[in-house]
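Have a look at the structure below, then the notes.
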Amino acid sequence: MTQNTRIDAAPREKLVIFKTANEASDAVATHMLETVRKNPKAVLGLATGQTPRRVYARLIEAVRDGAVSFSQATTYNLDEYCGLPGTHPDSFAAFMHRELFDQADFSKDHINLIAGDAVDDHEEVHRYAKLLQNSGGIDLQLLGLGTNGHIGFNEPGSQASSRLRIVDLSDDTLESNQPSLIELETVPARAITMGIADILDAREIIMLATGEAKAEAVRRSLQEPASADCPGSYLSQHPNVYWYLDAGAASSLGSRG
Ligand code: GLP
């Protein structure tokens, strides 16, 4: 068994700052493993991006070590680019298969992904929203934070009441995400994302933010009143949200701005 196996380590700190991104990621993996060990049928909300990659690597290791099984767990992903089929290497669906699903023991039937290449995006929103409604609710939602404060693809301007929908991506986001989209000349400018209200419906939320580039978004999310200007700030309205930061992401906390 790798990592620590703290299973009943309550009460948890709601904001924990680690020296390094690796330590923060390992702590998130431990938190998620505890959840699934306690409730093997847990419904997990999953995120993409560079930030959770080490978390997923740790989950895979835990499966390989026999420390956990995801065979009864169900997953829902937060978002997807419109227009990218799941077979496209830059789709979030392909990311999830590469970084987690194909190397762990998830049951295919319990993996829920948004189809970026659906013939009708509105129909796809309807289909996925129905799946979410029938899920019994997400037990644990993992989130990352955009440099502009977005969560999922809920860009600044997103309302607290927003639900699963098609969104236009901001220039900031298009720019930040470009380096990962190696095979595309341009990043798709639209996406389907779970809304703020969908995210806040989760029973428990983990936010993992690492690196100085996230420091300002972290500060605004934690220290400014909840508002559409910084969607991460809506998390303050949830009773059960855990922030895992590294020193870089936490570097603006405490300063007034
Ligand atoms: C993307 C995703 C988000 C993610 C964010 C941060 O736009 N839609 O869910 O949290 O970017 O990505 P990264 O972890 O690569 O910084």
Side-chain angles (χ1 to χ4, degrees), residues 1-78 95-96 99-107 109-112 132 135-145 151-152 194 198-210 218 221-222 232 235-247 249-250:
M1 198 178 310
T2 56
Q3 301 309 299
N4 68 71
T5 50
R6 187 187 63 178
I7 292 188
D8 292 313
R12 278 185 178 283
E13 300 270 352
K14 293 279 171 112
L15 167 63
V16 204
I17 300 168
F18 295 86
K19 238 187 193 161
T20 66
N22 285 354
E23 288 169 297
S25 303
D26 292 353
V28 168
T30 301
H31 187 144
M32 294 180 74
L33 291 172
E34 286 170 11
T35 299
V36 176
R37 286 195 195 107
K38 280 186 204 149
N39 175 15
K41 293 188 173 172
V43 179
L44 304 173
L46 299 177
T48 50
Q50 294 304 307
T51 313
R53 292 182 67 201
R54 183 179 168 104
V55 174
Y56 294 153
R58 286 284 175 253
L59 300 186
I60 291 165
E61 275 177 24
V63 171
R64 290 196 179 144
D65 292 346
V68 76
S69 170
F70 291 102
S71 59
Q72 298 182 70
T74 297
T75 69
Y76 286 86
N77 261 79
L78 270 176
F95 172 98
M96 289 308 302
E99 299 287 328
L100 180 62
F101 297 146
D102 293 353
Q103 299 182 69
D105 64 344
F106 289 90
S107 152
D109 302 342
H110 295 168
I111 293 173
N112 296 288
L132 270 176
S135 67
I138 289 177
D139 292 305
L140 179 60
Q141 176 67 56
L142 176 63
L143 292 178
L145 191 63
I151 50 178
M194 277 165 55
D198 298 311
I199 291 171
L200 295 181
D201 276 349
R203 295 185 182 92
E204 190 171 69
I205 296 174
I206 290 178
M207 164 59 82
L208 173 62
T210 57
V218 165
S221 298
L222 285 170
L235 297 177
S236 63
Q237 298 178 344
H238 193 281
N240 224 4
V241 54
Y242 297 86
W243 285 79
Y244 288 85
L245 306 176
D246 71 350

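Throughout, numbering of the chain's residues begins at 1 and tracks the sequence.
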Counting C-beta onward and ignoring hydrogens, is there a side-chain heavy-atom pair between R54 and D26 closer than 4.5 Å? yes
Heavy-atom nearest pair, G49 first then P52, reads O-CD, 3.2 Å
Sorted by chain and number, sequence neighbours left out, side chain to side chain contact (heavy atoms under 4.5 Å, CB included) with A21 holds for T210, D246
Taken to the nearest 0.5 Å, the spacing of W243 CH2 from I206 CD1 works out to 12.5 Å
Problem - Salt bridge flag under 4.0 Å for residues R64 and E61 - result: no
Residues H238 and I205: closest non-hydrogen pair is CD2-CD1, 3.6 Å
Do the non-hydrogen side-chain atoms of V68 and M32 ever get within less than 4.5 Å of each other? no
As a quick check of understanding, evaluate side-chain contact (heavy atoms from CB on, under 4.5 Å) for L142 and Y244, giving each step before the final call.
CA-CA 11 Å; L142 176 63; Y244 288 85; over 6 Å; no
Are the side chain of H110 and the backbone of F70 linked by a donor-acceptor contact shorter than 3.5 Å?
no
Distance col, row F106:CZ vs T74:OG1, nearest 0.5 angstrom, shows 10.0 Å
To the nearest 0.5 Å, atom OG1 of T51 lies from atom OH of Y56 at 10.0 Å
Scanning both residues in full, the closest heavy-atom pair of A209 with A249 reads O-CB, 3.3 Å
Practice problem: Take L132 and I138 through the test side-chain contact (heavy atoms from CB on, under 4.5 Å) and record every step on the way to the result. | Solution: CA-CA 8 Å; L132 270 176; I138 289 177; 4.0 Å; yes
The reported gap from CD in E99 to CD1 in I60 (rounded to nearest 0.5 angstrom) is 7.5 Å
Any side-chain heavy-atom pair from L78 and Y76 closer than 4.5 angstrom?
no
Between F101 and T75, is there a side-chain heavy-atom distance shorter than 4.5 Å? yes
The reported gap from NZ in K41 to CG in D139 (rounded to nearest 0.5 angstrom) is 12.0 Å
Practice problem: Answer yes or no: is there a side-chain heavy-atom contact under 4.5 Å between L143 and L235? | Solution: yes
Worksheet item: After noting the C-alpha distance and the side-chain angles of T48 and M96, does the key distance pass the side-chain contact (heavy atoms from CB on, under 4.5 Å) rule?
Response: CA-CA 7 Å; T48 50; M96 289 308 302; 3.8 Å; yes
L59 and A29 have their tightest heavy-atom pair at CD2-O, 3.9 Å
| query | Do the side chain of R37 and the main chain of A67 share a donor and acceptor less than 3.5 angstrom apart? | reply | yes
Note: R203 and N240 closest approach over all heavy atoms is O-ND2, 3.2 Å
In this structure, CG of L208 is separated from NE2 of H31 (nearest 0.5 Å) by 12.0 Å
- Quick one: does L44's side chain get under 4.5 Å of V36's, heavy atoms only? yes
Between A104 and V63, the two heavy atoms sitting closest are CB-CG2, 4.1 Å
TODO: For the pair N112 and N77, evaluate side-chain contact (heavy atoms from CB on, under 4.5 Å) and give the outcome as yes or no after the intermediate values.
DONE: CA-CA 7 Å; N112 296 288; N77 261 79; over 6 Å; no
For S236, the side chain to side chain contact (heavy atoms under 4.5 Å, CB included) test, sequence neighbours excluded, returns A226
